[in-house]
Amino acid sequence: MNAIINFFKKLNNTASASSIIPSDIIHSSEVFKFNGGVHPPENKTESTQHPIEVLKLPKKLVLPLRQHVGNMPKIIIAVGEQVLKGQLLAEAEGAVSAAIHAPTSGTVSAIAEAIIPHPSGLPDICVTLIPDGLDEWIAKPVMQDWRNADKNTLVASLRLSGIVGLGGATFPTHIKLRANGKSGVHTLVINAAECEPYITCDDMLMRERADQIMQGISIAQHLLGAENCVIGIEDNKPQATDSMRAACVDIKGISVKVVPTLYPSGDARRLIYLLLGIEIPSDKRSTDVGIQVFNVATAVALYRFFTLGEPSISRIVSMTGNVQSPQNFEVLFGTPVQDLITAAGGIKSGTSHFIMGGPMMGFDLHCSDLNHCDVPITKASNCIIAATPNLFAEPPPAMPCIRCARCADVCPVSLQPQELYWFAKSDNFEKARDYQLFDCIECGACSYVCPSNIPLVQYYRYAKSEIIAAAKAKEAADLARERNEFKLMRIEREKIERTQKHAQRANTGAANINGANISKAEKNTEKRRATVETTEMLAKTNTVPPLANDETNQRSANEQVAKKQAAIATAIERVKALKAQTSNDVKTNSIGLSTAIKDENLQSGVVKTGTVKNSEITEQEKPKKQAIIAAAIERAKAQKATAIAEGDAPKNTEPSSKTIQAEIKEIDARRKEFLPKHKE
Amino acid sequence: MNRSPYISNAPSVSIIMFKVLLALVPSILAYVWVYGGGILVTLSLATVTALSTEAAMLKTRKRAIKPFLFDCSAVVTAWLLALALPPLAPWWLIVVGTFFAIAISKQLYGGLGYNPFNPAMVGYAVLLISFPIIMTKWPAPLILAQSQLGFMDQLHYIFGNALPNSVTMDAVTSATPLDYLKTQLTLKHEVQNITESPIFGTLGAKGGEYIVVAYLLGGLFLLQQRIISWHLPTAFLLALAFISGVFHLVNPAQFASPLFHLFSGASMLCAFFIITDPVSGPTTPKGKLYFAAGTGILVYLIRVYGGYPDGVAFAVIFMNICVPLIDANTQPRVFGHPK
């Protein structure tokens with residue numbers, strides 16, 4: 001009977017998703033189960049035996065500039081500079097970006113590439129800070145009561161806070177709060193599910209700092225204009241639940257809901273469904289239906305910023321696995337992982353490597369030395385696991401898929417992983433897309449239950465990146481084609497104009513005694529006209545892709561320079577072309593080319609068949625063309641970043657081709673191991 | 001390189017196949033009790049043939065032999081085929097059938113995971129078409145037989161194709177109830193009278209019904225172990241019961257009861273062990289229902305209107321052909337997509 005009632009309630013909710021959620025759903029203990037899910041061994045008790053400990057000041061802090069989704073922030077300090085705790089080191093650049101602050105006082109000793117926690121193991125730009133041991137705060141801004149302040153000013157000031165989603169998605173928080181009530185966010189969902197095994201940082205935070213979380217929630221609710229707030233906690237955290245319930249007992253509109261322990265309940269869309277029975281449409285964001293999601297740690301960061309005036313400089317990290325005394329620590333960003341390991345009593349024998357994040361979605365840290373892991377903690381680091389081959393056994397070699405569909409049974413998105421695998425493996429990307437590959441959240445539940453040990457998630461990542469790469473290439477090609485069509489049009493027009501001019505000159509020819517001078521003057525006018533045209537053309541090229549409003553200020557300075565260079569190059573080329581005075585019977589048919597590179601090659605090839613002087617044109621044209629293509633790619637990247645960032649979870653966080661190559665290699669290697677001469 | 005998830009909780013393919021074999025043990029025991037120990041010889045012969053064929057094919061195809069030999073899938077095919085064959089069959093019949101199932105129907109299509117048709121059923125169908133007389137000559141259950149064949153006699157028959165001097169072929173064989181029903185109906189007898197024959201038991205065939213019940217028990221074990229999903233056996237049995245029930249209600253004199261159809265022939269084997277082969281079956285929940293129901297209806301139609309007494313093999317193979325179509329048209333709704 002209950003099931004029937006739930007069913008109708010569900011129907012009702014989904015139908016009126018954008019309207020206010022009935023308060024009985026918010027305040028009841030009822031949850032809505034999503035399809036599938038897995039329940040791996042939790043291994044959480046190990047690290048909850050001790051309270052959160054503030055880690056002592058490290059000897060060195062290495063702060064990667066890219067700790068969030070979006071643009072790299074702009075460095076505003078120099079090597080050798082003395083900085084104070086909380087001082088801005090790099091400011092947010094463009095719409096989707098976050099600032100980086102000095103976690104303690106000290107000297108900037110380097111701004112260079114260093115190893116960062118990333119699956120690829122590739123280094124990235126980092127600021128190295130040598131603490132002076134004084135831990136001296138910069139003058140904190142006097143915070144007025146946020147309840148009375150102007151919301152827009154508050155959200156704008158958040159851009160300076162460096163706060164990003166601390167649940168792992170690291171999306172800049174100032175953008176998520178920008179809604180300002182206008183978009184009709186009525187419900188704030190606080191993600192406290194912490195569904196990944198081993199990780200307990202949110203659990204401990206809720207046990208110990210529930211009051212701070214509640215204050216953060218109130219701030220977020222105030223800024224969003226959300227009257228309701230639901231906190232979702234998995235039922236394996238009874239202490240945290242009690243603590244949170246106690247903290248919100250007097251607060252109206254906040255309810256704590258316990259959800260079953262079932263991975264991946266912490267995925268934003270799954271959690272919203274669990275708590276409210278609302279399915280966020282695949283092509284929409286949760287804010288489109290009036291729901292915003294924050295992690296508990298993010299709420300604390302908001303509290304610290306708006307009441308204490310402290311930017312985001314530290315977080316709670318679980319140090320667990322094969323260490324003497326697993327525990328949660330409050331860690332300054334940039335702290336080497338080694339300091340955590342030491343604080344947890346050091347590694348036990350048998351440790352083979354370290355994993356950042358949980359065992360379902362985490363990745364290997366690339367430390368050169370097990371006893372000195374200098375990879376820094378960043379805003380995204382929620383957990384470090386000292387791994388042993390015992391804890392995380394190397395998977396046996398992959399066997400063929402037997403279509404048992406266990407993966408489909410556990411897929412929280414109700415995808416058909418076995419079909420997606422088949423399509424990804426045979427490079428049938430079109431089909432993979434039809435079967436909603438891009439709805440895959442890469443949670444790994446499918447791999448977790450695969451009897452054939454197939455690295456399914458890796459196949460999906462590979463397919464996604466291939467599709468994205470192809471789309472990018474197509475975009476660039478379209479841009480190049482459009483440019484080329486415009487160029488041909490212009491050449492044609494000039495030809496007509498020239499013919500007209502020749503005709504004019506023939507008419508008045510007898511009167512001209514000093515032809516050379518006139519020709520020179522003419523050339524000058526032509527030159528001027530060329531420059532004007534170039535500007536026109538550039539203007540047109542720029543308007544080709546429809547740009548989002550906030551992307552105009554997102555263009556990097558590099559791009560501006562590139563554009564200028566391109567303009568100059570075009571001007572020169574124009575003059576040369578005029579000098580050449582060739583017929584310009586250039587025929588190209590670039591329509592339908594699949595890549596920008598191909599397009600460029602073909603164009604230059606065709607032009608080269610013209611006169612010798614025309615080949616000079618191509619030479620001159622190249623840098624400009626490259627600049628424009630580069631700009632196009634840059635723009636595409638920015639667009640993608642925004643698209644990813646504005647979704648609830650990053651759908652594909654690894655566009656790096658090196659990573660993809662590595663993954664493909666690994667998958668191939670595994671395949672070959674078993675199917676030596678398989679021709680697939 | 002991101003190699004997460006680092007943990008896994010999945011029975012290996014070998015474990016899954018092993019559990020299927022385990023689930024067949026009760027029915028093998030029942031088989032021995034009903035028909036004598038000859039089935040053990042048949043099973044061993046099929047197993048040896050399957051494994052050696054698999055190994056030889058893997059070697060020819062230049063694949064790793066060990067992991068694929070130990071995945072036990074070839075043994076499952078061999079056992080299912082052996083259990084489907086008549087209990088007293090000459091050795092070469094078993095060898096030819098098993099060889100065809102493994103070499104042609106499985107390995108030539110790409111081995112484990114790539115065969116579009118159920119190998120055991122392909123092997124069975126090939127034998128049924130090629131050697132119809134031997135394939136439909138079933139020995140009578142020991143309790144019904146006029147002359148009892150000892151284990152050594154059965155062994156002698158399997159390998160030497162010879163019966164003891166005092167025994168004639170007719171003395172050891174008898175028509176199966178499905179076969180008997182079919183022939184008697186053509187002679188204008190009524191179902192009620194036909195089923196009074198001693199070869200009919202309470203549920204299905206006298207003696208044979210114990211094996212059928214053992215299949216059911218083995219199947220329930222597989223369900224409990226989550227090796228197979230409930231969709232397939234449920235839909236198959238319901239569809240078979242439904243169509244036989246409708247026919248039976250319309251004309252009880254001409255059409256046997258649903259209970260008889262459920263517990264006769266290879267119905268239970270098909271419901272829990274044949275159509276549950278994941279490789280050649282559909283993967284979507286809805287697809288499984290369609291697939292199994294389709295098989296159930298076809299089995300009935302072939303039994304009643306076809307040229308053969310039982311129709312499991314042909315029904316399964318036919319439905320295997322439809323699998324890509326079924327899968328493509330039964331994709332479940334993805335989370336967040338319109339209903």
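Scope of the values below: all heavy atoms of this structure, side chains included, with no hydrogens, waters or symmetry mates. Per chain, numbering begins at 1; letters A, B, ... match sequence-line order. Quantities reported herein were computed from a predicted structural model and do not represent experimental measurements.
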Practice problem: Would you please test A/Leu415 and B/Gln331 for side-chain contact (heavy atoms from CB on, under 4.5 Å) and show each step? | Solution: CA-CA 9 Å; A/Leu415 294 167; B/Gln331 287 298 311; over 6 Å; no

Quiz item: For B/Phe335, is the NZ or CZ atom of A/Arg270 found under 6.0 angstrom from the centre of its six-membered ring and inside 45 degrees of the ring axis?
Solution: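 Yes, cation above the ring, under 6.0 Å and within 45°.
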
Self-check item: B/Pro338 portion near chain A, given a 4.5 angstrom heavy-atom threshold
Solution: neither

Quiz item: Where on B/Thr284 is there a heavy atom nearer than 4.5 Å to chain A: the side chain, the backbone, both, or neither?
Solution: both

Pairwise distance [atom1]([X]) to [atom2]([Y]) - rounded to 0.5 angstrom:
| X | Y | atom1 | atom2 | result |
| --- | --- | --- | --- | --- |
| B/Ser14 | A/Met399 | OG | CE | 6.0 Å |
| A/Cys404 | B/Ile227 | SG | CD1 | 9.5 Å |
| A/Ile402 | B/Ser73 | CD1 | OG | 8.5 Å |

State, to 0.1 Å, how close [X] and [Y] come at their nearest heavy-atom pair, and which atoms those are.
| X | Y | value |
| --- | --- | --- |
| A/Gly362 | B/Tyr6 | O-CE1, 3.6 Å |
| B/Pro5 | A/Gly444 | CG-O, 3.4 Å |
| B/Ser4 | A/Val457 | O-CB, 4.4 Å |
| A/Ser447 | B/Ser8 | O-CB, 4.4 Å |

If I measure from the heavy atoms of chain B, does [X] come under 4.5 Å with its side chain, its backbone, both, or neither?
| X | value |
| --- | --- |
| A/Ile355 | side chain |
| A/Pro197 | side chain |
| A/Ala445 | neither |

Considering only heavy atoms from C-beta outward, does the side chain of [X] approach that of [Y] to under 4.5 Å?
| X | Y | answer |
| --- | --- | --- |
| B/His337 | A/Pro281 | no |
| B/Ile7 | A/Tyr198 | no |
| A/Phe363 | B/Arg3 | no |

Exercise. Evaluate side chain to side chain donor-acceptor pair (under 3.5 Å) for A/His39 paired with B/Asn9, printing each intermediate quantity in order.
Key: CA-CA 9 Å; A/His39 188 173; B/Asn9 178 26; over 6 Å; no

Quiz item: Any chance CZ of B/Arg226 has more than 12 other-residue heavy atoms, nucleotides or ligands included, within less than 6.0 Å?
Solution: no

Self-check item: Over 12 foreign heavy atoms within 6.0 Å of OH, B/Tyr290
Solution: no

Quiz item: Quick one: of B/Ile228, B/Ile16, B/Asn115, who has the most non-hydrogen atom pairs under 4.5 Å with chain A?
Solution: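 So the answer, after comparing B/Ile228, B/Ile16, B/Asn115, is B/Ile16.
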
Quiz item: Does the A/Glu419 side chain pair with the main chain of B/Thr283, one donor and one acceptor, at a distance under 3.5 Å?
Solution: no

Practice problem: Please determine if A/Arg403 and B/Asp327 form a salt bridge, counting it only when a charged side-chain N lies under 4.0 Å from a carboxylate O. | Solution: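 Salt bridge: yes.
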
Quiz item: Can you tell which of A/Ser414, A/Ala405, A/Pro451 has the highest number of heavy-atom pairs within less than 4.5 Å of chain B?
Solution: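 Maximum pair count with chain B is reached by A/Pro451.
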
Quiz item: A/Trp422 vs B/Tyr114 aromatic rings, parallel, tilted or perpendicular, using cut-offs 30° and 60°?
Solution: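 Geometry flag for B/Tyr114 against A/Trp422: tilted rings.
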
